[in-house]
Participant: 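Questions regarding the structure given below will be posed in turn.
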There are 2 protein chains.
Amino acid sequence: MQTNIEILRKNKLSITQGRLVILDIFLQTEGALAHADIEKKLSSNFDRVTVYRTLQSFVEKGVIHQIPTTDNTILYALCKENCEAGHHHDEHVHFVCVECEQTTCLENVIVPKVKLPRGFKPFQAAMIVKGHCVSCKY
Amino acid sequence: MQTNIEILRKNKLSITQGRLVILDIFLQTEGALAHADIEKKLSSNFDRVTVYRTLQSFVEKGVIHQIPTTDNTILYALCKENCEAGHHHDEHVHFVCVECEQTTCLENVIVPKVKLPRGFKPFQAAMIVKGHCVSCKY
DNA sequence: AGAAACTTGCAACAACATTGCAAAACCATT
DNA sequence: AATGGTTTTGCAATGTTGTTGCAAGTTTCT
Ligand SMILES: [Mn+2]
Ligand SMILES: [Mn+2]
Ligand SMILES: [Zn+2]
Ligand SMILES: [Zn+2]
């Protein structure tokens, strides 16, 4: 497991308090986080704008990836694979629990390929599964 | 192909100007629409709030379905299958063109089942494929 | 240490979303 | 067709979320 500093170094991001703290939040969190979640978890008070900009540069550098939602929100989670600036390789499935509302990266479940109609050229696919997660059996 | 009135009747929604017009927009549009797109296409001026509420009841009744995005937006598209209030059956793949930015329902490409880790109970899955659409070959 | 490059906070603003309430439209019934 | 009960709409107010420019503060490099 890499430390926050190592991750920043590796991705050529300058090392600042804000980035370290936000990265730590991701490192300590199981599951995905929305902007709002991060702000809540930030004990020290960083400006909202800083959080926005930090998330943005993390996505650009391939430190975190985005997970689509249907609630006017974007979720973010650490990239565990070797993502680089511009090219993410997070082809795993995301699971949204309808009970606890947690979204989990299923690192070991890769998104299957599908056969598209003639003419469509895919280059990236995301899959989101809703249901009951392992902690919320019913 | 059903008319706007037929769709409202079938779903026990009272027939109002706003609903008819918004449904027409969906019926005349290839691809998915965001709230903002609908407001732009509305020549007559309906209140923003009405559009929100209309979309909401359409989703609840199974007239339209939502498509997740990573840009703080929700896309909506007509349900062509027999969706009902509470239970949608739109298990098709959605294609997002990075060129023209159109999102298309690939009605004939169904979302494949994936094997989840022990303990996860799925009940719905969505899949979004990004790439170049059939009109934007490069 | 000093200069250049980058990051941050602040303030102002813009865009988007939600709520309560009264007026209007709709629908079922007579 | 008129009536009355129910649902929907618009408005106004308010809240939430996201963006931008700029000056001050940090970080990095030499
Ligand atoms: Mn993930
Ligand atoms: Mn669809
Ligand atoms: Zn759960
Ligand atoms: Zn296209």
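Below, read A as the first sequence line, B as the second, and so on, with proteins coming before strands; counting in each chain starts at 1. Not measured: the values here are computed from a predicted model.
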Participant: Who passes ring pair (Phe, Tyr, Trp, His ring centres under 6.0 Å) against A/F95, sequence neighbours left out?
Facilitator: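 Scan of A/F95 (ring pair (Phe, Tyr, Trp, His ring centres under 6.0 Å), adjacent residues dropped) gives B/F120.
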Participant: Can you tell me how far P of D/dT9 sits from CG of B/N45, to the nearest Å?
Facilitator: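 Rounded to the whole Å, the gap is 15 Å.
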Participant: Can you tell me how far apart CG (A/D90) and CD1 (A/I110) are? Round to the nearest 0.5 Å.
Facilitator: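 Between atom CG of A/D90 and atom CD1 of A/I110 there are 13.0 Å.
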Participant: Work out how much the helix from C/dA1-D/dT30 to C/dT30-D/dA1 bends between its end axes, five pairs an end, to the nearest 10 degrees.
Facilitator: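 Angle reported: 40°, given to the nearest ten degrees.
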Participant: Pairs of donor and acceptor atoms involving the side chains of residues 27-35 of chain B, under 3.5 Å and at least two apart or interchain, shall be tabulated with distances.
Facilitator:
residue : atom : partner : partner atom : Å
B/T29   : OG1  : B/I25   : O            : 2.5
B/H35   : NE2  : B/E39   : OE1          : 3.1

Participant: Using side chain to side chain donor-acceptor pair (under 3.5 Å) as the criterion, list what pairs up with A/N4, not counting sequence neighbours.
Facilitator: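 A/N4 satisfies side chain to side chain donor-acceptor pair (under 3.5 Å) with A/D24 only.
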Participant: I'd like a list of close polar pairs between nucleotides 19-25 of chain D and the protein, N/O only, cut-off under 3.5 Å.
Facilitator:
none

Participant: With hydrophobic residues grouped by side-chain heavy-atom distances under 4.5 Å, do B/I5 and B/L23 end up in a single group?
Facilitator: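 In one cluster: yes.
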Participant: About how many Å separate NE2 of A/H65 and CD of A/E91, when rounded to the nearest 0.5 Å?
Facilitator: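 Rounded to the nearest 0.5 Å, the CD-NE2 separation comes to 11.0 Å.
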Participant: Tell me: CD of A/E39 to P of D/dG15, nearest whole Å?
Facilitator: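 So the CD-P distance, A/E39 to D/dG15, works out to 18 Å.
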Participant: If you take any heavy atom closer than 4.0 Å to DNA chain C, which residues from residues 11-18 of chain A end up in contact?
Facilitator: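 Contacting residues: A/S14, A/T16.
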Participant: Rounding to an integer number of Å, can you tell me how far B/I74 CD1 sits from D/dT17 C1'?
Facilitator: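 Atom-to-atom, B/I74 to D/dT17, this comes out as 14 Å.
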Participant: Using a 4.5 Å cut-off between side-chain heavy atoms of Ile, Leu, Val, Met, Phe, Trp and Tyr, which other residues end up in the same hydrophobic cluster as B/F123?
Facilitator: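 Via sub-4.5 Å side-chain contacts, B/F123 links to A/V98.
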Participant: Looking at side-chain heavy atoms only, is the closest gap between A/M127 and A/H92 below 4.5 Å?
Facilitator: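 Heavy-atom side-chain distance check fails, nothing below 4.5 Å.
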Participant: Which residue pairs pass the ring-ring contact (aromatic ring centres under 6.0 Å, His included) test with at least one member in residues 4-32 of chain A, sequence neighbours excluded?
Facilitator: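 Sorted pair list comes back empty.
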Participant: Which residues satisfy the side chain to side chain contact (heavy atoms under 4.5 Å, CB included) test with B/V96, sequence neighbours excluded?
Facilitator: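 Side chain to side chain contact (heavy atoms under 4.5 Å, CB included) check on B/V96 returns B/T103, B/I128, B/K130.
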Participant: Name all residues meeting the side chain to side chain contact (heavy atoms under 4.5 Å, CB included) criterion together with A/D71; count only those two or more places apart in sequence or in a different chain, and write none if there are none.
Facilitator: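 Once residues adjacent in sequence are excluded, the partners of A/D71 under the side chain to side chain contact (heavy atoms under 4.5 Å, CB included) criterion are A/T69, A/T73.
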Participant: What do the steps show when you test A/C100 against A/S135 for side-chain contact (heavy atoms from CB on, under 4.5 Å), and what is the final call?
Facilitator: CA-CA 9 Å; A/C100 66; A/S135 330; 5.9 Å; no
Participant: Under the 4.5 Å side-chain heavy-atom rule for ILVMFWY, direct or indirect, which residues accompany A/L75?
Facilitator: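 In the cluster with A/L75 are A/I67.
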Participant: Between B/L42 (CG) and D/dT9 (P), how many Å, whole number?
Facilitator: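 Nearest whole value for this atom pair: 12 Å.
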Participant: Rounded to whole Å, please give me the gap between CG in A/L75 and P in D/dT17.
Facilitator: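 It is 14 Å, rounded to the nearest whole Å.
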Participant: First contact, last contact: which nucleotides of DNA chain C are these for chain A, 5' to 3', heavy-atom distance under 4.0 Å?
Facilitator: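 So the outermost contacting nucleotides come out as C/dC6 to C/dA17.
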